[in-house]
Every structure is written in C-alpha cells, then in structure tokens.
Amino acid sequence: MRINLLLMAILLSMAACSRKEEAALLVINARVCTIDSAFTTAEAFAVKEGRFIAVGSNEEILNAYRSDSIVDAGGAFIYPGFIDAHCHFSHYGLSLMNADLRGTRSFGEVLSRLQSHDSTHHPEMIRGRGWDQNDWAIKEFPVNNELNKMFPDRPVILTRIDGHAALVNDYLLQLAGITAETKVDGGRVICANGRPTGGLVDNAILLADSLLPEENEAGLRKAFLAAQDACFALGLTTVADAGLDHRQIDLIARMQKKGELSMRVYAMLNPNQKNYEEYLYKGIFSTESLNVRSVKLYADGALGSRGACLLEPYSDEAGQYGLIVEPEEKLKEICLRAYNYGYQVCTHAIGDSANRMMLRIYADILGGKNDLRWRIEHAQLIHPDDFKYFAEYNIIPSVQPTHATSDMGWAEDRVGKERIRFAYAYRKLQEQNGWLAAGTDFPIELPDPLHTFFAAVFRTDHNMKPEGGWQAENALSREDALRSMTIWAARSCFEEGLKGSIEKGKLADFVILNVDLMEAKPSEILNSRVLMTYIGGMRVH
C-alpha cells in the first residue's frame, strides 16, 4: 500500500511537471520594478528565446514554468536594462586607449598624466581627453608652450571634456597649416600676441584632427569590446551612439551577428553622402540589436568653451555670442532629406539661439502634432518663449542630467542670473510632452546610469552640495528619472515595444542591483552595486 501511494505521488509530480512550460531561465525571489504603465512590481519572471514570457509572483511562475536555469535573486532589486539615450560608445572605447585627462586640477597635472601615458604606451601620436579649465585654479584656456617642449616632434591633440575644444602642439599646427590668419566657419583658432596658442574651438579642431589617421578595424573592434565590458558592468544594455559612420555601423553589425558584440546599439548617422548611400537612402535598418533610423546634427558648440550660440552675449566675455557650426540652410536641407526618407533627426543644440533656430526648423518641416520623435540633444538653455515648440510639435528633449551637476559651478558665470533659470530645466522640458529621454553623453561624463538617476533626482554633487539641490524645481521624481533611462529612452529610439520595461513579449534585458532606487538614501545609491546584467536572458556581467 505504501509503495502504491509513493508511486502515485511520483506519477502526480511527473504529470504536474509535464504540464509546466519549459523556459530558458527563471528568476525568483526578486523585487522586480517592471516600469510598465502602472509601475507595478513583481517577484519573478520567466524567459524563453531571449524574451520575457511571464512576469508575476514566485508561485505563479514556479507553478507554470520549469527550467534547468533558475536564479534565486535573494531579494535583490531588478530593473529593465538601462538605456543611455545619448552617448558616444565608439569614442568611449577609443578613449580608453588614450590619455585620460578627466578630473585634472591644473594644466600641470595634465602634463604629468601625458608623461605617464607616454612612458607606458609609447604612441606615435599623443591623444588625450577630459581636461576642463573650469576645474582649475586658473580658469583660462591652456596654451601649448610646455606641450611643445615635451613633444616637439610628434602630433599631440588634447580634447576638452565636452569635445568642442582642443589643445594641440605646434608640430600639429604646422602640419595642418594653421596660423593666426586661419579662419574657419563655425570654429575659432585662439591666438595671443599674434600667434596661435594651440587652442582650437569646434570646427577648427577638424583642421588638425583630420590629418591624424583613423583607427583601423582591429583598433575599432578592440574599442567596442572594451566599451561594452565597461557598460555591462554599469547595467547598460542599450546605447544610442550620437554620431557614427557606415564603417563603424557595419563593423557593429558584423560583430553582433558573430556573437562578439552583445550590446544593443541605436545608431545616429553622421550627415555625409556615403552614410546616406549606405543607410538613409535604403530606408530604416533594424534588428533586435541594431537600429539605424536617425541622423545626428550639430547646431552649435558647448557652453564650457563658449561655443554654445546665445541670443545675447556671454555674461563673462563681452561681445562673444558663441558659434553656429553649420549654416542654417544646410541644417534645414539635411532635416528635409531625413524627413523624406522617414528618418528621425537628433540635433545637438545647447545655447538659446541654437535651440530657437532648430526648434523653428523642426516646426516648419513637421507642421504640427506628429509621432516622428525628432529630438533636441542637450536642450541646455531655452529662451522662455521657446519651450512651447516642444509641445506643439512633439519634439523630444534628450538630456544629460549629470551635465547640470557638472556645470553648476560655472554655468551662471556664462549666462547670468536671469538666463540660468531656463538652463538644464529638465522638469519644465518633461512637462511639454509628458516625457523625455536621458543619457550621459559619455565619454564627456562617466557612463554610469546611476549617476544619471542621482543627478536627475537630487541635482547635487556626490557630497550633496548644494544643500537642497541646484535649481531643485527642475529635479525629476524618482519614478520619472527611472523612466527616462528605461522606457522613455526606448521610446525616444522607437523601441518601446521591444525594451525599456519587464513585460511579456519584450527582450529579456535586465539588471540586478543591491538597492531600491525608489527608497534608497542618496549615499546608498552612490555606493550601490550592479550584481548582474542580462541581455536577451543571457548573463553578460
């Protein structure tokens, strides 16, 4: 009798198991922030063929599914894979192989880092990036005198943190034929005492940089893999690269197809004829991992280098209005070309003059309400009369919250007390359409999405200064900050049906953290850890 009862129990258990659906992965005992329309939470989910097939309680998932791979999250917090809506993934990978000048406190420290880099890497040309004269005691653009002594017979180019200014040595100036008489549309050669100082702003940088060899395919491959590893460790699963050429996109596609590159990429095309021929004229190119359907434009420079184009002069440099880096008619022509081929336009615009120009160009072409999701990248300073364009023409602000906390120490010096009230105005920008997208602009900022969240919510530095937050009226709620780097970021790339939330049918991209972003103290967020990162149900970190 006992044998029969035991046999019956085994048979019933087998029958129950046979009725369960096979899944590739089950995750249980988690606190899952789904970011669905109701911002619901769950305990568990099932993954099959790279997608979520069910989300619910532990009991619901375990009763309906079986798998050889079960992850017990132990109460950890799970979010959709983070999406950086505006970055430079390719440049970041390449920058990891160059001299890192971020965080330097003087030009002397820049020189010291260059010496160290040169002694370990022995490069044929010196590239560095990340210096910011606003962080130095002497807040002036550096000159290249010491650079010339250190590197008299090799080209040197040191790019400012925003990418809109650079310092080069005389060797490279002479190679490029740059003199005090050199004039550049949309750029500036900085001179003193009748000679170039080595300082180049915006389009003038191209005169020197274009002479240096492009990275070969082996170097690019190495750069993509290095960038991917760094991003996975931070919970990023999709990056929107704001400016790629067909050669880079083709390599990304090949690496993804071979399984070498798992990072999902939303690629914005640089506006040139070859890119048009290879992509734009052929229509939208889209896979689960690569999406090419937008064009990246530049309207002006950056505020830190006084290249952002303003309606009124800079408050700290009389007569200086900044730069429009491309003629208005050319920008409008490219916008029309993109419109005719069904491509999104994403335009870098920082100053209020550049933003007004681009908003009006967009308005003329879009004509009213639409779902084309044309974007203004950065939207740092908006004239109060111009916020309405975002709402009236469904133009999407794509912002970088860490720019506000990086710039807050000097931004008011640039534009004065009145204009600064309409700068980095993320809450006001969000209110126009009810949503916005967030990124970091890395390598200008660090690629950490939790820094994005922190800056958007608290608007302070990592020491919680200033108390109460800088222009705190434009902070985002915790929920909206999280949406801006998940579902809203996906929406800005036309991918909200594929990713950005943990829901049945979507790609199984998710990140496991040790903190609750909705409740954690600021210090806990800054000290949090990414425990695991998954793409398509596969662990990548």
**Asked** side chain to side chain donor-acceptor pair (under 3.5 Å) between Asn270 and Asn272: does it pass, once the steps are laid out?
**Response** CA-CA 6 Å; Asn270 288 321; Asn272 61 58; over 6 Å; no
Provide the closest heavy-atom pair for [X] versus [Y] in the form atom of the first, atom of the second, distance.
X	Y	value
Ala242	Tyr298	O-OH, 4.2 Å
Gly351	Ala308	N-CB, 3.8 Å
Gly500	Ile35	O-CB, 3.9 Å
Val32	Ala44	CG2-N, 4.3 Å
Arg459	Ala404	NH2-CB, 4.2 Å
Leu517	Phe453	O-CZ, 3.4 Å

**Request:** Would you mind telling me which of Thr159, Asp202, Asp300 makes a side chain to side chain donor-acceptor pair (under 3.5 Å) with His164?
**Result:** Asp202
**Message:** Quick check against the 3.5 Å criterion: does Asp352 have a side-chain atom that pairs as donor or acceptor with the backbone of His383?
**Reply:** no
**Message:** Tell me whether Thr533 contacts the main-chain N or O of Phe232 through its side chain, where contact means a donor paired with an acceptor under 3.5 Å.
**Reply:** yes
**Asked** Between Met263 and Val540, is a side-chain contact (heavy atoms from CB on, under 4.5 Å) present by the stated rule, with each step listed?
**Response** CA-CA 9 Å; Met263 178 62 75; Val540 293; over 6 Å; no
Are the charged groups of [X] and [Y] less than 4.0 angstrom apart, N to O?
X	Y	value
Glu495	Arg264	no
Arg414	Asp407	no
Lys274	Glu278	yes
Glu377	Lys296	no
Arg483	Glu479	no
Arg66	Glu22	yes
Asp371	Arg373	yes

Is it true that [Y] and [X] share a donor-acceptor pair across their side chains at a distance under 3.5 Å?
X	Y	result
Asn29	Asp72	yes
Thr347	Tyr362	yes
Gln256	Ser289	no
Asn134	Asp132	yes
Ser406	Glu445	yes
Ser95	Arg129	no
Thr34	Thr40	yes

Side chains of [X] and [Y], heavy atoms from C-beta outward: is any pair under 4.5 Å?
X	Y	answer
Thr402	Leu446	no
Ile395	Gln432	no
Ile420	Gln471	yes
Leu280	Asn275	no
Thr237	Val511	no
Phe390	Ile376	yes
Lys330	Pro271	no
Trp488	Ile83	no

Listed by chain and number, what are the side chain to side chain contact (heavy atoms under 4.5 Å, CB included) partners of [X], not counting sequence neighbours?
X	result
Leu526	His451, Phe454, His462
Ala223	Leu94, Met97
Ala363	Tyr389, Tyr393

**Message:** For a side-chain contact (heavy atoms from CB on, under 4.5 Å) check, start with the C-alpha distance between Phe494 and Ser286, then their side-chain angles and the critical distance, and finish with the verdict.
**Reply:** CA-CA 11 Å; Phe494 299 89; Ser286 182; over 6 Å; no
Hey, what do you get for [atom1] ([X]) to [atom2] ([Y]), rounding to the nearest 0.5 Å?
X	Y	atom1	atom2	value
Ile525	Glu519	CD1	CD	10.0 Å
Thr440	His88	OG1	NE2	8.5 Å
Glu43	Ser57	CD	OG	5.5 Å
Arg102	Asp135	CZ	CG	10.5 Å
Ile28	Ser67	CD1	OG	10.5 Å
Tyr65	Ile70	OH	CD1	14.0 Å

**Prompt:** Between Leu251 and Arg254, is a side-chain contact (heavy atoms from CB on, under 4.5 Å) present by the stated rule, with each step listed?
**Reply:** CA-CA 5 Å; Leu251 178 58; Arg254 294 200 308 272; 3.5 Å; yes
**Fill in**
When Lys506, Lys499, Arg51 are each screened for salt bridge (charged side-chain N to carboxylate O under 4.0 Å, His left out) with Glu288, the one that passes is Arg51
**Item:** Test side-chain contact (heavy atoms from CB on, under 4.5 Å) applied to Trp374 and Ile365, step by step
**Value:** CA-CA 11 Å; Trp374 284 20; Ile365 295 172; 3.7 Å; yes
**Request:** Quick one: which residue pairs count as a salt bridge (charged side-chain N to carboxylate O under 4.0 Å, His left out) with a foot in residues 223-250, not counting sequence neighbours?
**Result:** Glu214-Arg247
**Fill in**
Contacts satisfying ring pair (Phe, Tyr, Trp, His ring centres under 6.0 Å) that involve residues 233-267 (not counting sequence neighbours) are none
**Prompt:** If you look only at pairs with a residue in residues 19-51, which of them pass as a ring pair (Phe, Tyr, Trp, His ring centres under 6.0 Å), with sequence neighbours excluded?
**Reply:** Phe45-Phe52, Phe45-Phe510
Please check if atom [atom1] in [X] has more than 12 non-hydrogen atoms from other residues, nucleotides or ligands closer than 6.0 Å.
X	atom1	result
Asp68	CG	no
Lys369	NZ	yes
Glu473	CD	yes

**Request:** Evaluate the ring-ring contact (aromatic ring centres under 6.0 Å, His included) criterion for residues His403 and His86: first the C-alpha distance (whole Å), next the side-chain angles of each, then the deciding distance (0.1 Å), finally the verdict.
**Result:** CA-CA 12 Å; His403 281 351; His86 178 113; 8.0 Å; no
